[in-house]
Amino acid sequence: MNQRVNEINTVVESIPDVKIVKPFEQSKIDIEGCITVFVEGLEQPLEFNVTVHPQYPFKSHETETIKFSNDNLIEHKHIMQNGAICIHTAHTPVLSQKLIYDIESVKAWIKKYYINKDSDTHYEHLIVTQKAFNENHFAYFFNEVDYTFHKNQFGFVDYSIMNNGVFYKENIQSSIFQTFLNSDRKKIVEVDWNFQLKNLPQSTGLFIFLKDTPSKNQRWVFDDWKDFEATLPQDFLKFLHNVEERLGKEKGKTLPLFVGYNISETEIHWQAIILEIGNFPFYGEKINKQWFTKIKDGSQIHWAMTRNCSYKYFFGRGKLSDRITESKMLIIGIGAIGSIVAKTLVRCGCRKLDFIEYDVKEPENVCRSEYSFFTGITNKTNDLVNELCLISPYYEIPKGGYEFSEMFDIVIKSYLNDRQTKNEIEKIINEYDIIFDCSADNDLLYVLSQLNINSTLLNLSISNHAKHLVCATEHNRYEFITSQFGGNILKFDVDDLHNPTGCWSPTFKASYNDINVLVQTAIKQINLTLEQEKTLRNFVIETDDTSGFNINIKEF
């Protein structure tokens, strides 16, 4: 017996209330054995076949590399279809300690799910085995809609292919739901996405809302069409038959069927089945002079992937304060600072974000801004809108467009003393809840200070070499910014600037990393202040990388 096998047998024998039924032995790859585990509340110990993989005690791709299995327990929570219970334990590189952790986790599972039959507060999705259909995988993204489906309602779903990619080593096609329609192809409800997604070419699939979960033991999704026999209504089966007949010329092509069911009183989940036209798992049978559609025996269901991309799930792992994400925002200037602010806000759940920017994106802008080289020379507004639409399906495009951006600077600076024009500009600006002025334009900053602005106006400016970021939030923002940069408060080199080829104004030197550190810190400071319902104050972020990197925030 090798040393590893010997150690496993010795450690397991030493754990209280655990007995070895079949000693651990080395198989071709794994180490296998059988044990019983007893905890208070059991009439008799539970038996588990144990498989220890070569990586143990380390995880493999975030998965534990020891399996405790019992086929007789599959009706209970947190157990896989192969009878292996779900455990997640602490890290340790010491095999003996890891075995103790893992068997304690088995005991905890027995107490919680076998004896007490607890249910978790969060929903556990059905277990769906991912298999390729004709060497291709399919994924469908859906969103919550403002509509109440009724039991056994069916019809069509228009969907759009977003991308063809690679799923590990196999091909995958990702698509989005677009519109639900009834069996007569009359629109039921639209699915809400950004304008780029809504303008994609559309194909047609099918849907049925069952209301009840298509599963065995509320754990495993049906794997054979016969499992649906008592569930699918006859009029839906006839609908499928008629659809297949109408699509006769497209024999061999795939057709998605989306099966919906409630996972709570108000929330619907959709699973996708891939049908092959000309090979639907149904046949006609005449009973008492009437035709019925029946399900063929031995017809395996080909499930595809689905993901709920509703706002609460899409941004569920991390979003900014509602004070920011629910606001209508304007960014003036989308160069290095403004483009980073824009992408951060959209990644963190913001939807309503407009821009004012007259400039075009040049190749040299790419290295420290949120633009791509691939799109070449183009308006910054158009380029950034495209970038943001690729990030968030909920981003709403600006209404004004390039023409508004081009005229803004001219009008606001030319007609400051014209009361009517000034009032119109104030009206436009005050439609926004939060405004980020990232223009680095002191003339504009002065003009804005002369307006009656009720919105939260934040000015972000960075010094040369990104030594400081100054954020002015209060009504004295013009005086504060000019005193910080124009006086003797901030010490920095104004001679060592970047001078591009041609007749262009010099600009500050700083890498994308330098700028991003400061901008992200500023956004975090702003978000925390609003989240804690405190008053925003002027602040300066200062970096010192002379003796190890340090960052300090000073409020005024």
Handout entry: Side-chain (Ser511) to main-chain (Asp514) donor-acceptor, under 3.5 angstrom
Key = yes
Problem - Phe436 side chain reached by Leu345 side chain, heavy atoms, under 4.5 Å - result: yes
Fill in the blank from the handout: Sorted by chain and number, sequence neighbours left out, salt bridge (charged side-chain N to carboxylate O under 4.0 Å, His left out) with Glu555 holds for Arg537
Fill in the blank from the handout: Of Phe314, Tyr313, Phe315, the one forming a ring pair (Phe, Tyr, Trp, His ring centres under 6.0 Å) with Tyr311 is Phe315
Practice task
Without swapping roles, check the side chain of Gln532 against the backbone of Lys534 for a donor-acceptor pair under 3.5 Å.
Solution key: no
Handout entry: Separation between CZ of Phe142 and OG1 of Thr306, rounded to the nearest 0.5 Å
Key = 5.5 Å
Handout entry: Nearest atoms (heavy-atom pairs only) where Phe355 meets Leu388
Key = CZ-CD1, 3.4 Å
Exercise for the section: Mind checking side-chain hydrogen bond (donor to acceptor under 3.5 Å, both in side chains) for Lys319 and listing every partner two or more places apart, or none if nothing turns up? Expected result: Asp322, Thr325
Problem - Centroid separation Tyr478 to Tyr446 less than 6.0 Å - result: yes
Fill in the blank from the handout: Heavy atoms of Gly335 and Ser339 approach each other most closely as O-OG, 2.6 Å
Problem - Which atom of Pro256 lies closest to which atom of Phe258, heavy atoms considered - result: CB-CZ, 3.7 Å
Problem - Modelled atom types, side-chain donor and acceptor of Tyr358 and Asp409, under 3.5 Å - result: no
Practice task
Please tell me if the side chains of Ile172 and Asn164 come closer than 4.5 Å, counting only heavy atoms from C-beta onward.
Solution key: no
Fill in the blank from the handout: Taken in chain and number order and not counting sequence neighbours, the residues that satisfy salt bridge (charged side-chain N to carboxylate O under 4.0 Å, His left out) with Asp383 are Lys361
Fill in the blank from the handout: Between Asn365 and Val360, the two heavy atoms sitting closest are OD1-O, 3.7 Å
Problem - Ionic contact status for Lys151 with Asp212, cut-off 4.0 Å - result: yes
Exercise for the section: State, with a plain yes or no, whether a side-chain heavy atom of Glu267 is found less than 4.5 Å away from one of Asn262. Expected result: no
Practice task
Verify the neighbour count for atom OH of Tyr147: are there more than 12 heavy atoms of other residues, nucleotides or ligands below 6.0 Å?
Solution key: yes
Handout entry: Glu531/Arg323 salt bridge by N-O under 4.0 Å criterion
Key = no
Handout entry: Separation between SG of Cys471 and CZ of Phe480, rounded to the nearest 0.5 Å
Key = 8.5 Å
Problem - Pair Asp192, Tyr394: side-chain N/O donor-acceptor within cut-off below 3.5 Å - result: no
Exercise for the section: Please name the pair of heavy atoms, one in Ile340 and one in Asn516, separated by the smallest distance, quoted to 0.1 Å. Expected result: CG2-OD1, 3.5 Å
Exercise for the section: Evaluate the criterion side chain to side chain contact (heavy atoms under 4.5 Å, CB included) for residue pair Leu330 and Glu431; output intermediate values, then yes/no. Expected result: CA-CA 10 Å; Leu330 174 67; Glu431 289 179 358; over 6 Å; no
Handout entry: Side-chain donor/acceptor of Ser414 to backbone N/O of Val411, under 3.5 Å
Key = no
Handout entry: Phe556 ring center within less than 6.0 Å of Phe539 ring center
Key = no
Handout entry: Backbone of Leu536 reached by a side-chain donor or acceptor of Thr473 within 3.5 Å
Key = yes
Practice task
For this output row, return yes or no: ring centroids of Trp270 and Phe149 closer than 6.0 angstrom.
Solution key: yes
Practice task
Could you tell me whether the side chain of Phe133 reaches within less than 4.5 Å of the side chain of Thr254, counting heavy atoms only?
Solution key: yes
Practice task
Measure the shortest side-chain to side-chain distance between Arg477 and Leu457 over non-hydrogen atoms and say whether it is less than 4.5 angstrom.
Solution key: yes
Exercise for the section: Can you measure from CG (Leu197) to OG (Ser175) and round to the nearest 0.5 angstrom? Expected result: 11.5 Å
Exercise for the section: Begin with the C-alpha distance, continue with both residues' side-chain angles, and end with the deciding distance and a verdict on side-chain hydrogen bond (donor to acceptor under 3.5 Å, both in side chains) for Asn163 and Ser174. Expected result: CA-CA 5 Å; Asn163 186 53; Ser174 296; 5.9 Å; no
Fill in the blank from the handout: Hits for salt bridge (charged side-chain N to carboxylate O under 4.0 Å, His left out) against Asp146, two or more places apart or cross-chain, chain-then-number order -> none
Exercise for the section: Say whether, by atom type as modelled, one donor and one acceptor occur between the side chain of Gln202 and the main chain of Ser160 under 3.5 angstrom. Expected result: no
Completion exercise
Hits for side chain to side chain contact (heavy atoms under 4.5 Å, CB included) against Thr129, two or more places apart or cross-chain, chain-then-number order -> Gln81, Lys131
Exercise for the section: For Ser203 and Tyr159, indicate whether the former's side chain and the latter's backbone hold a donor-acceptor pair under 3.5 Å. Expected result: no
Handout entry: Expected output: side-chain Asn116 to main-chain Asp118 donor-acceptor under 3.5 Å
Key = no
Practice task
Verify, without hydrogens or angle tests, whether Tyr140 (side chain) and Met305 (backbone) share a donor-acceptor contact under 3.5 angstrom.
Solution key: no
Practice task
Assess whether salt bridge (Lys or Arg N to Asp or Glu O under 4.0 Å) is satisfied between Lys343 and Glu370, documenting all intermediate values.
Solution key: CA-CA 7 Å; Lys343 261 199 173 179; Glu370 297 289 358; 3.5 Å; yes
Problem - Within-4.5 Å side-chain heavy-atom neighbours: Lys198 and Gln178 - result: yes
Handout entry: Side-chain heavy-atom pair Ile425, Leu451 within 4.5 angstrom cut-off
Key = yes
Exercise for the section: Hey, could you give me the CD/CZ distance between Glu364 and Arg368, rounded to the nearest 0.5 Å? Expected result: 10.5 Å
Problem - Sidechain N-carboxylate O distance under 4.0 Å for Lys352, Glu326 - result: no
Exercise for the section: With sequence neighbours excluded, tell me which residues meet side chain to side chain contact (heavy atoms under 4.5 Å, CB included) with Gln420. Expected result: Asp418, Glu424
Exercise for the section: Verify, without hydrogens or angle tests, whether Asn527 (side chain) and Ile523 (backbone) share a donor-acceptor contact under 3.5 angstrom. Expected result: no
Practice task
Could you tell me whether Arg185 sits above the aromatic face of Phe156, with NZ or CZ closer than 6.0 angstrom to the six-membered ring centre and within 45 degrees of the axis?
Solution key: yes
Practice task
Run the salt-bridge test on Lys328 and Asp433 with the 4.0 Å N-O cut-off and return the result as yes or no.
Solution key: no
Handout entry: Aromatic contact, Phe207 with Phe180 (centres under 6.0 Å)
Key = yes
Exercise for the section: Identify whether the distance between the nearest side-chain nitrogen and carboxylate oxygen of Glu190 and Lys187 falls below 4.0 Å. Expected result: yes
Handout entry: Nearest heavy-atom neighbours spanning Ile268 and Gly260
Key = CG2-CA, 4.4 Å
Practice task
Could you tell me whether a side-chain N or O of Gln484 sits under 3.5 Å from a main-chain N or O of Ile481, the two making a donor and an acceptor?
Solution key: no
Problem - Sidechain N-carboxylate O distance under 4.0 Å for Lys413, Asp441 - result: yes
Exercise for the section: Answer with yes or no whether the side chains of Asn452 and Asn430 bring together a donor and an acceptor at under 3.5 Å. Expected result: no
